[in-house]
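Encoded as structure tokens, the structure appears first; notes follow it.
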Amino acid sequence: MDKRYDAKAAEAKWYPIWEKNGYFHDEPGHGSPYSVVIPPPNVTGILHMGHALNQTIQDVLVRWRRMCGFNTLWLPGTDHAGIATQNVVEKALKKEGKRRQDLGREAFVARVWEWKKQYGGTIVHQQRMLGNTTDWQRERFTLDEGCSKAVAKVFCQLYNEGLIYKGNYIVNWCPRCGTALANDEVEHEANHGHLWYVRYPVVGSEKGVRGEPYKDYVMVATTRPETLPGDTAVAVNPSDERYAHLVGKTVILPLTGREIPVISDVYVEKAFGTGIVKITPAHDPNDFLVGKRHGLEEINIMTDDAHMNELAGEKYCGMDRFECRKALVDDLEAGGFLDHVEDYDNQVGHCYRCHEVVESRLSKQWFVKMKPLAEPAIAAVKSGEVRFVPERWSKIYFNWMENIQDWCISRQLWWGHRIPAYYVRGNSSEEGAGNSEQVFVAETAEAALEMAKAKTGNVNLTLADLEQDPDVLDTWFSSWLWPFSTLGWPEKTADLDYYYPTTDLVTAQDIIFFWVARMMMAGIHFMGKPPFKNIVIHGIVRDAQGRKMSKSLGNSLDPLELIDAYSADALRFSLALITSLDCDTKVDKSKFEIGRNFCTKIWNAARFLEMNREATPQAEFGAASGPVQLSSDERHMLMACEKACEKVNDLLAKYRIQDGALAVYDFFWTQICDWYVEYAKDAPDKPTAFAILRDVFWKALRLLHPYMPFVTEEVAHQLGFLKDGETILRAEFPKGYTAEEKAAWGLDEEVYEYVEAKREMITALRALRAEYKVNPAAWVKVTIAAKDAATAERLSSEVASLKAAFRAESVEVLPGASELAMPGSLGRIGTVYLSLEGLVDKAAEAKRVAAELAKTQGFIKSIDAKLGNENFMAHAPAAIVEGQKTKRAELVAKIAQLEKLAKLFA
RNA sequence: GGGCUAUUAGCUCAGUUGGUUAGAGCGCUUCCUUGACAUGGAAGAGGUCAGUGGUUCGAAUCCACUAUAGCCCACCA
């Protein structure tokens, strides 16, 4: 074996072998299924730390289940990401001086496909660098043929069920992207703006000539004066006595002369501004609702790109909205309508994609009625059929689901699933919308044509007479079908039958609403079963200061750079180790040294084994070797291995990835390397000691494999645990030893505890050496005062290995305490004395003993207090009481010895 | 405004139904390079578990309030 582990070589070597041999691929049928669908990253995406964390967790779970014998499927794929992808291509076009309109829809979409073909594989390639065992043979894309078919079918079914409707609605509109945005696609940011106080003259008042201040007016406060031409009322709170007399009257809309009513609505806050609000139903979501309640006219005064239209008035028509704001304010002031201006900070919505200020805009959009879909999805979590891990996320899920709003699913883009709604030409979508008689919703144009013929009675209609709705569907309209569309739905496939519902869904908290909740609804509605059994939510990766990683902050770590610097195994292991499901994870570069160092440790330990190959019998260690007389250290090693296997399996079953990593780390490093390897070097029966070492090492490699796939595969082959053509990926995950093996080797808690206690003694002696500045390499004389005769006998039988562990030229074991003029240190099974032959600093030792004595006496006191407490004796469990008593007895013995020592140093 | 979470060693975090003297990694101090490993080994210092009150024989753990920090949802024109 090479002196250094070459991670890059191992990664480059093994991944292609795994993939080529189909190790990630199972066919439905045999065994129990364990299936997971990957949260599909945007096809435009590049791998970031969030992916690395999310996918590491999934790969750990999948590899573990696979090794446990499950029939596993981890289904990969990408999302077509409507706006994001279209933006990327539009940017490229811009460099050529073109807009998408110059190409036309068909050519533009072709261009996006071209882009996808060329660059869309980036993230898919990068995922391989992580070592993911996603089944690439089943890779899907949300816009591929199968997924598109599913989308069309779902749309039609929901439409026919009356759950999809087209409606006039106020939506968040990005003027730059030219599309509606979902509420969650709008990011609110603090804005330093103004509050303009504007006078609206009351009709019927005698005073008031244009150009002069009106005496009788209502004062309205607004942050958006440019929408004034769209006002169709002013409103006050019904309980506001100040203005009760105004309700029902009419006021004049400044600059326009139009008369609008004063209405009352609970939406108005009495305390804000003047307590009077202008109502602009076409340009504000709240005003829109007020308008609906009061039957107000909706006047849209802007164009799609946020310029004023002719309804804004001749003067402002064509102006940009912010330009118009200025002009209009100037005019208000000139007209004497502007009372005063205040500074005002509020939140303004921005497009999550291009950051343009979002406009509330009235438009016709397609919606999904969510309430009927949400109800069974709530029930599935309430009943426990689907479980959130950690459980508390279910509260957030309920909170959202119970207040769910209809989902605006149309987007004015070209890249995406086009809405399968058709109109007979001449009845354009604008005119025809809202009149369902003229909309034909069908999975194909041909089917729509048949419907049109039947409905209109015009048998001469051809496809050319049909016009498809120009809008495409929200990206999430395909992702919410992901758990079954990717398995072949709506076809009845073997995959769908076998792998649905999937087992676990692993994702971050930020898409619980976007994605998880909607998948729940779609799964239940179309498949009759929730799409997964467990929803595993992990935290977000943050930088060292706790900030979200983002491009604009420049605080992102690049997983590929980390893989380059530390190796994929290091990245994976460190992420697993520092990640808690319960909270976000703070990460900085130094964290990955843990993983890298661990890799090195594994490699070096493997080299040690390799160097001692000749000391190891060829035959593997196992029950077949029959009853053997094993030393206590060997039995302890096997017990530790047993415990580690049990622990790791148990923790992974509870999705405690972090604790599992810690458990296997500690097992390998502390138990195997720090203790057992040192023991094995001087073991009385080397062949047996090394046979055991090989056995536990091979188990440890398999325990580690889900976390560190490359180094474990490489080492397993180097050490001959696997032959060419075999893989650790499909080796059995260790389950611990059988009852027969345990009996044959005398594995029990007692021997485990005994060795633990013995190690305390070894540690104590090392501490003594350090305290008296005895060279760690020097050979010393050691005396042990054993707790009792039996322990003395037991210790005597292992003097050889104790000598090695203590680095002692002699070890004398005496039953019970004795008068020894040496420094000593107490453990559970006795006191270990170090002969210093005159090196002892009596004063220092006396101090140390006194301190120990005081501490011990203090502890006894606290135990006595407990044992003397009637309530404690009455209520505490018997085991606790017994434990306290035993502890006390030990401490009393310890005090006796310490007192003897104290006298010696006095 | 509604909801959720956190506060434990200098730093990042464990601590699973309340139960022996609260743990790990990093960092820090001291010591150690003759063949697994200095990306290492050994020893050590460091915490009144945010605060107050309550429940209990017993609280880092359960409850209430307070303080601080963070996240999500809805947002006042």
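In the text below, chain A, chain B and the rest are named by the order of the sequence lines, each starting its count at 1. Keep in mind that the numbers below use all heavy atoms, side chains included, and drop hydrogens, waters and symmetry copies.
A:Glu756 has no carboxylate O lying under 4.0 Å from a charged side-chain N of A:Arg828, or vice versa, which leaves the two without a salt bridge. A salt bridge links A:Glu359 to A:Arg224: at least one charged side-chain nitrogen sits closer than 4.0 Å to a carboxylate oxygen. A salt bridge links A:Lys643 with A:Glu749: the closest approach of a Lys/Arg side-chain nitrogen to an acidic carboxylate oxygen falls below 4.0 angstrom. With respect to A:Asp564 and A:Lys8, a salt bridge is recorded, a charged nitrogen being found less than 4.0 Å from a carboxylate O. Comment: A:Arg607 does not engage A:Glu610 in a salt bridge, judged by the lack of any side-chain N to carboxylate O separation of less than 4.0 angstrom.
For A:Lys395 against B:rC4, a side-chain-to-base donor-acceptor contact under 3.5 Å is absent.
By the 6.0 Å contact criterion, NZ on A:Lys601 is enclosed, its count of non-hydrogen atoms from other residues, nucleotides or ligands being greater than 12.
Picking from B:rC72, B:rA77, B:rC37 the nucleotide with the shortest atom distance to the side chain of A:Lys601 gives B:rC37. The nucleotide whose nearest atom lies closest to any side-chain atom of A:Asp659 is, among B:rA14, B:rA77, B:rU20, B:rA14. Checking B:rA43, B:rC71, B:rG3 against the side-chain heavy atoms of A:Asn399 singles out B:rG3 as nearest.
In this pair, A:Phe573 and A:Phe598 present their aromatic rings tilted. The plane angle is within the 30 to 60° band.
Atom C1' of nucleotide B:rG40 and atom CZ of A:Phe608 are separated by 15 Å, given to the nearest angstrom. Between the CG atom of A:Leu719 and the P atom of B:rA36 there is a distance of 15 Å, rounded to whole Å. In this structure, A:Glu678 atom CD and B:rC32 atom P are separated by 18 Å, rounded to whole Å. A:Ile170 places its CD1 atom 12 Å from the P atom of B:rC75, with the value rounded to the nearest Å. Per the geometry, NE2 belonging to A:His194 stands 19 Å off P belonging to B:rC76, to the nearest Å. A:Ile860 places its CD1 atom 13 Å from the P atom of B:rU21, with the value rounded to the nearest Å. A:Asn604 places its CG atom 10 Å from the P atom of B:rG41, with the value rounded to the nearest Å. For the pair A:Ile512 CD1 and B:rU5 C1', the interatomic distance rounds to 13 Å; values are reported in whole Å.
For the C1' atoms, the distance from B:rG44 to B:rG35 is 29 Å, rounded to whole Å. The same atom, C1', is picked in B:rU48 and in B:rA59; the two are 14 Å apart, to the nearest Å. Across the C1' atoms, B:rA22 and B:rA9 are found 11 Å apart, a figure rounded to whole Å. Here the separation of B:rC65 from B:rG58, taken at their C1' atoms, is 23 Å to the nearest Å. Rounded to a whole angstrom, the distance from the C1' atom of B:rU8 to that of B:rG51 is 14 Å. Rounded to whole Å, the separation between the C1' atoms of B:rA60 and B:rG19 comes to 13 Å. Rounded to whole Å, the P atom of B:rG70 lies 24 Å from the corresponding atom of B:rG15. Taking atom P in both B:rU12 and B:rG18, one finds a spacing of 29 Å when rounded to whole Å.
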Interface polar pairs with nucleotides 22-29 of chain B, N/O, under 3.5 angstrom:
none

Between the protein and nucleotides 55-61 of chain B, which nitrogen or oxygen pairs are less than 3.5 angstrom apart?
unit_1: B:rC57; atom_1: O2'; unit_2: A:Asn869; atom_2: ND2; d: 2.9

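Across all strands shown, B:rA74 remains unpaired; no Watson-Crick or G-U wobble contact has both distances below 3.5 Å. If you check B:rA69 for Watson-Crick or wobble pairing at under 3.5 angstrom, you find it paired to B:rU5. For B:rG19, the paired base is B:rC57 (Watson-Crick or G-U wobble, both distances below 3.5 Å). Summarising the base pairing, B:rG10 is matched to B:rC26 through a Watson-Crick or G-U wobble pair whose two defining distances lie under 3.5 Å. Using Watson-Crick or G-U wobble geometry with both donor-acceptor distances under 3.5 Å, B:rG47 finds no partner in any strand shown. Applying the Watson-Crick and G-U wobble criteria (two distances, each under 3.5 Å), B:rU34 pairs with nothing in any strand.
Looking at heavy-atom distances under 4.0 Å, A:Arg888 makes no contact with the nucleic acid at all. The residue A:Trp669 sits close only to the backbone: its heavy atoms come under 4.0 Å of sugar-phosphate atoms, none of a base. A:Arg596 comes within 4.0 angstrom of a nucleotide base, judged by non-hydrogen atoms across all strands. Among the heavy atoms of the strands lying under 4.0 Å from A:Lys3 are primed sugar atoms or P, OP1, OP2 only; no base atom is included. Here A:Asn612 lies out of heavy-atom contact (under 4.0 Å) with every strand. Residue-level contact check: A:Thr280 touches neither bases nor backbone, having no heavy atom under 4.0 Å from any strand. Note on A:Val677: a base of the nucleic acid sits closer than 4.0 angstrom, heavy atoms only. No engagement by A:Asp284 is indicated, since no non-hydrogen atom pair under 4.0 Å with the nucleic acid exists. Base contact: A:Cys673 has a heavy atom under 4.0 Å from a base atom. As judged by a 4.0 angstrom heavy-atom cut-off over every strand, A:Tyr267 is placed among the base-contacting residues.
The two residues A:Ala700 and A:Val664 have their closest heavy-atom pair at O-CG2, 4.4 Å.
Residues A:Val780 and A:Phe806 form no side-chain contact, since every pair of their non-hydrogen atoms from C-beta on lies 4.5 Å or further apart. Within the 4.5 Å cutoff, the side chain of A:Leu652 has heavy atoms near those of the A:Ile657 side chain. At least one side-chain heavy atom of A:Leu575 sits less than 4.5 Å from a side-chain heavy atom of A:Phe592.
For the pair A:Ala767 and A:Met611, both in contact range of RNA chain B, the more 5′-proximal nearest nucleotide belongs to A:Met611. A residue-by-residue look at A:Leu577 and A:Leu891 shows that A:Leu577 has its nearest nucleotide of RNA chain B further toward the 5' end.
OP1 or OP2 of B:rA36 lies within a sub-4.0 Å distance of a side-chain N or O belonging to A:Lys681. For the OP1/OP2 pair of B:rA77 and a distance below 4.0 Å, the side-chain nitrogens and oxygens of A:Tyr197 include no atom meeting the criterion.
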> Given the rule in the side chain to side chain contact (heavy atoms under 4.5 Å, CB included) test, do A:Val381 and A:Met401 qualify, once you have shown the distances and angles that lead to the verdict?
Replying inline: CA-CA 11 Å; A:Val381 175; A:Met401 283 294 228; over 6 Å; no

>> Using side chain to side chain contact (heavy atoms under 4.5 Å, CB included), reason through A:Phe608 and A:Leu693 one step at a time and then give a plain yes or no.
In response: CA-CA 11 Å; A:Phe608 174 77; A:Leu693 180 56; 4.1 Å; yes

